[in-house]
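Chain letters run A, B, ... following the sequence lines, proteins first and then strands; every chain starts at 1.
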Amino acid sequence: MKRSIFVIVVLMLVLASIASVVSAQEEVVLKVWDNYFRQANDQIIKDAMEKFKQKHPNVSFQRVARPLDDLKMQIMAALPKGQGPDIMTVNNAETMMGPLVRGGHLLALDKYAEEYNWEDKILSPAVMNRARYSEDGTVLGKGNLYAVPFMGELVGVYYNKEIFEELDLNIPQSLEEFEEVLKTLKDAGYIPITYGGLDDWQFFHLYGEVLGSVLAHDMGADNAQEYLDDIVLRWDEDRSFVNKSTQESASILQEWVENDYFVDGFSGLNGDDALPIFTAGKAAIFIQGSWYSGDITVSDIEAGFFPFPPYKKDGKLPPQVGGMLVPYGISAYTEHPDLAAEFIDIVISSESTNEHLIDNNSLPASVPVDTSELERGTLKYDIYTTWNEVNDSGRLGHYLDWISSSMWDTMGEAGQNLMNLDISPVDFVEKIETDFRQWQDEKPKAD
Amino acid sequence: MSAEKDKNFEPLFDIMGKFTPYIYILPTLAITSVFLIYPFINTFFYSLLKWDGIGEMNFLGITNYINMFQDPKFWASFSANLIYIVMYSIIPVIAGLIVSSLIGRTELFGVRFFRTVFFLPQVIASVAIGIIFSWIYSSQFGVINQILGVIGLDKYQTAWFGHRSTAPYAVGFIGIWLTLGFAVIIFLSGIQKIDESIYEAAKIDGANSTQQFIYITLPELRYEMVVVFVVTLIRSLSTNIFGIVSSTTGGSYGTRPISLYAYELAFVQYELGYASALVVILVVLILVLTQIIERIGEGS
Amino acid sequence: MISKKQVFKNLLTYSILIVLSIFVLIPFVLMFLGSFREHVNIIINGALAFPESWSIDNFKEVLIEYNFRYYFINTIIVTVPTVILANIFAIMSAYALAFMEFPFKRTIKLFTTVVGIMIATPFIMIPLYQLMARLNLIDSYLAPILPQVAMSACFATMVLRSFFKGLPKELLEASLVDGATSWQVLWKILVPIAKPAIITSAALTTVWTWNAYLLPLILLQDPAKVTLPVGLMFFKGRYTTNIPLMLTGTTITSVPMIIFYLIFQRHLVKGLSQGVLD
């Protein structure tokens, strides 16, 4: 009798636990916070969610899609309280990832990277290092993987094909040829380069492109890439920003300003103002990122894209500014890490993701991109062949504002002063170096 | 009526005896204390820390304050703020007094229209203000440069947002556009309570309208002047200017006010401790200035 | 009989007003025109050009695809209680501050006027979030409402106190002699007289609450509870802005406020004379 009661109790317990597991499964809600609210990217996430729900009917999503700055404040407020999302976009380096890793709020994804083979699927291992931190969050560029992107970004040179044809210009193969093109354009009465100097980041991209070319010439392309990695990623205190290449790059820009190669009054224009000057056919060249290619495609001009040329005509690609779109990470407080990781994998590796990206001239993180179906001579073709080439040769340079947490501010101001001819290239480089040295004292250190 | 009685109004203390005033003041005081002052005390506490806002806190003492006074970026933003005080606060107060005395007491045709027009800038979100004024000031296609071109003053065309010599004033000018209407609205409501018979008496005494303005309107509006001055001053130092600058120049070329610098320190550079110290100093500055204005204006 | 001088004066007044009105209105004209344009058109033709058609597609897109029709309701839910509560609180506190003497008045006045206006949201964002989380109010409409009531009440207290202070004291004394309680004096005598000031402070607190951005952003994370100013930021990308939709969104956001002001502004005149003479 006693025994049977015991058996019944055990049976009931087992049943209850099964029931609770089943009901728990039914109740899973994944909270996803991201900044992919624009049409194409938004569709990618929605498609992935549909696909995920087919596999896991018990899971539903609660998604918040907001601009990055807004999202960042929400995450900063919520995550340290153990609240907030399961999955979220985590901007690279010290803009978000560093402080979150140091606070212990992000889950290391290496286990899942192996399980889903992310290293082979997306970008190159070297580029993926940008989403790595040491476990204590003191060293960027190596250690655990904390986020994965589904899209990349690349800066290069947009040019107006009609103007180039009219003036019988070819795609320049060296910096010297590039400057000849600028001069020809100027003499013909066109605005050679449109540029929005009021937005700090426009300078980082412009200077970064020239710097890559000069560095690659002075120290060789491989060493140039390593130099940039050391400074931007690893905050290597043995490296210095004061050298011949950084100074020469700054003086090249000042020369261009003196020769009137930039649009008049560029210092008072922002990016949104600079673009229409190119798309209206007034300016022949726009040195900017892949994110503009959609807007340029819908305009009336016929445009092309090429990587910023090497210093000397040697056919070797210098580092091109670029990186990954704000990647997805997982909260350390999530109750469903496995499901979260599976969802991220679906976002990255769905065929529909790449279709949406290519439809919208965006760069898939999963490379190489199949260009065989693309029409040659189009802007799209130019961009994807450049993207493949950059990834293949490992020449994806850096956003220079990552050098330190205050570099955005420092380089933004120094860059504007440089372009307004208020300071010399030497002063400019000194200002960056001062900030970099200060960062050596302030940067997060292991205890 | 004796001065003593004037001050006290004994009969008002009827609901709860001498606690009556506190009953009336309690709702505002309570909600302000819990949801503004209490969090701000936390901010003061943060200002004594080295803290990124996310990870662990380290106690620093007053180091943040010492660093601040040696930080050239702080002083640059401080001097931007001085320009904004003039253009967001002082000029609109003066211009607002003149405009409201022009339309406050007349039955001019269309007064309602003008009053609505002056209210309009209050309703627009600052992101949009940023976009529109970028068009007005743009070096390439801006309204101002086009007008200068038409009237033959081409040589004054410039990149208004793109130089240290013009950008802070260009941003400040937006402040006049924005706060003039606010001043007019508050002054208009104040003018309504001035007894018309005072003006009639002055007219009989032969006072012209300038004299009426100086000897009647101005003194009668002193409380409103304090309100407008204090509110516009606060807005020029903290919230309002912050939105305008970040959506126009982004703080470039000497346009960054203290509040924007503090915000960038906190949420871009993750220096929440240092940013809090800036905020505390800013609040102290506002307190001192507003108290001076109130003392002078209300003559206590 | 209108004198020559009077004509000249009116003419001067009108010219000043017209010049100032043009100065104030130019940005609105640009906004209105911009809201009918297409993004492509701005990319091709630049900022200053007429819309190629007067199509209302932008308005449809913003209201329907960008869900502004729901954001409207959310914003009303946040604004209405805020303005009502804040102004009732302010009428009471301004009354005490203007007419009564009591210990700690100076400090209390500071805390219920200037302090409340100057502690701006960005200064207290993180601690405020933590407070709301502890009170379990995150994602509740109360979360943005409560601090907004505090800020608005302080501003309104300041405006109303200054209005009360300027009133002739005889007014109050006369009614108190009649045997009315302080509560009755406030609501039956002072509030009707102070109508212009109350309408003014209500109008301004409404507009500021309506346009408040940071509080609802941080404290309402549920995407179903987005308010209009937070929604506006959806048109701003990392590198590019959809300018026409942003301007359309702003037009949609501001039109109700303009209508609101038009309705209430007829109450702005002659509050005092009515109150006294009735």
Quick one: closest heavy-atom pair of C:Trp210 and C:Pro256, and the distance?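 Taking every non-hydrogen atom into account, CZ2-CG, 4.0 Å.
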If you compare all heavy atoms of C:Ala156 against all heavy atoms of C:Asn87, which two are closest, and at what distance to 0.1 Å?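 Scanning both residues completely, I find the closest heavy atoms to be CB-OD1, 3.6 Å.
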Give, as side chain, backbone, both or neither, the part of [X] having an atom under 4.5 angstrom from any heavy atom of chain B.
X	value
C:Ala94	neither
C:Ile198	neither
C:Pro27	both
C:Leu146	both
C:Met233	side chain
C:Phe123	both
C:Leu12	neither
C:Phe111	both
C:Val115	side chain

Option in [options] with maximal non-hydrogen atom pairs under 4.5 Å from chain C:
options	result
B:Gly53, B:Ala128, B:Gly190, B:Pro121	B:Pro121
B:Asn42, B:Leu287, B:Val143, B:Ile176	B:Leu287
B:Leu120, B:Val283, B:Thr43	B:Leu120
B:Phe242, B:Phe182, B:Tyr223	B:Tyr223
B:Phe133, B:Phe113, B:Tyr46, B:Tyr38	B:Tyr46

Taking the side chain as every heavy atom from C-beta outward, state whether B:Ile174 and B:Tyr137 have any atom pair closer than 4.5 Å.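 In short, these two side chains touch, coming nearer than 4.5 Å.
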Checking C:Ser93 now: which residues fulfil side-chain contact (heavy atoms from CB on, under 4.5 Å) with it, not counting sequence neighbours?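 C:Ser93: side-chain contact (heavy atoms from CB on, under 4.5 Å) contacts with B:Ile25, B:Thr28, C:Thr157.
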Segment of [X] engaging chain C (4.5 angstrom heavy-atom cut-off):
X	answer
B:Ser276	neither
B:Phe267	side chain
B:Val117	both
B:Gln140	neither
B:Val279	side chain
B:Leu282	side chain
B:Leu272	side chain
B:Leu29	both
B:Ala262	neither
B:Arg235	side chain
B:Ile41	neither

If only atom types and distance count, is the side chain of [X] paired as donor or acceptor with the main-chain N or O of [Y] below 3.5 Å?
X	Y	answer
C:Gln184	C:Thr181	yes
B:Thr232	B:Phe229	yes
B:Ser47	B:Ala277	no
C:Thr13	B:Leu102	no
C:Arg161	C:Met158	no

Do C:Phe23 and B:Phe173 have their ring centres less than 6.0 Å from each other?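 When the ring centroids of C:Phe23 and B:Phe173 are compared, they turn out to be within the sub-6.0 Å range.
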Are B:Tyr22 and C:Phe102 an aromatic pair by the rule of ring centers under 6.0 Å?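 Distance test on ring centres: under 6.0 Å, yes.
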Options [options], ranked by heavy-atom pairs under 4.5 Å with chain B, top entry:
options	answer
C:Asn211, C:Ile117, C:Thr206	C:Asn211
C:Thr113, C:Ile91, C:Leu30, C:Ile26	C:Leu30
C:Lys165, C:Lys105, C:Met246	C:Lys165
C:Thr250, C:Leu128, C:Ile119	C:Ile119
C:Gly116, C:Ser21, C:Pro122	C:Ser21
C:Phe104, C:Phe155, C:Tyr213, C:Phe235	C:Phe155

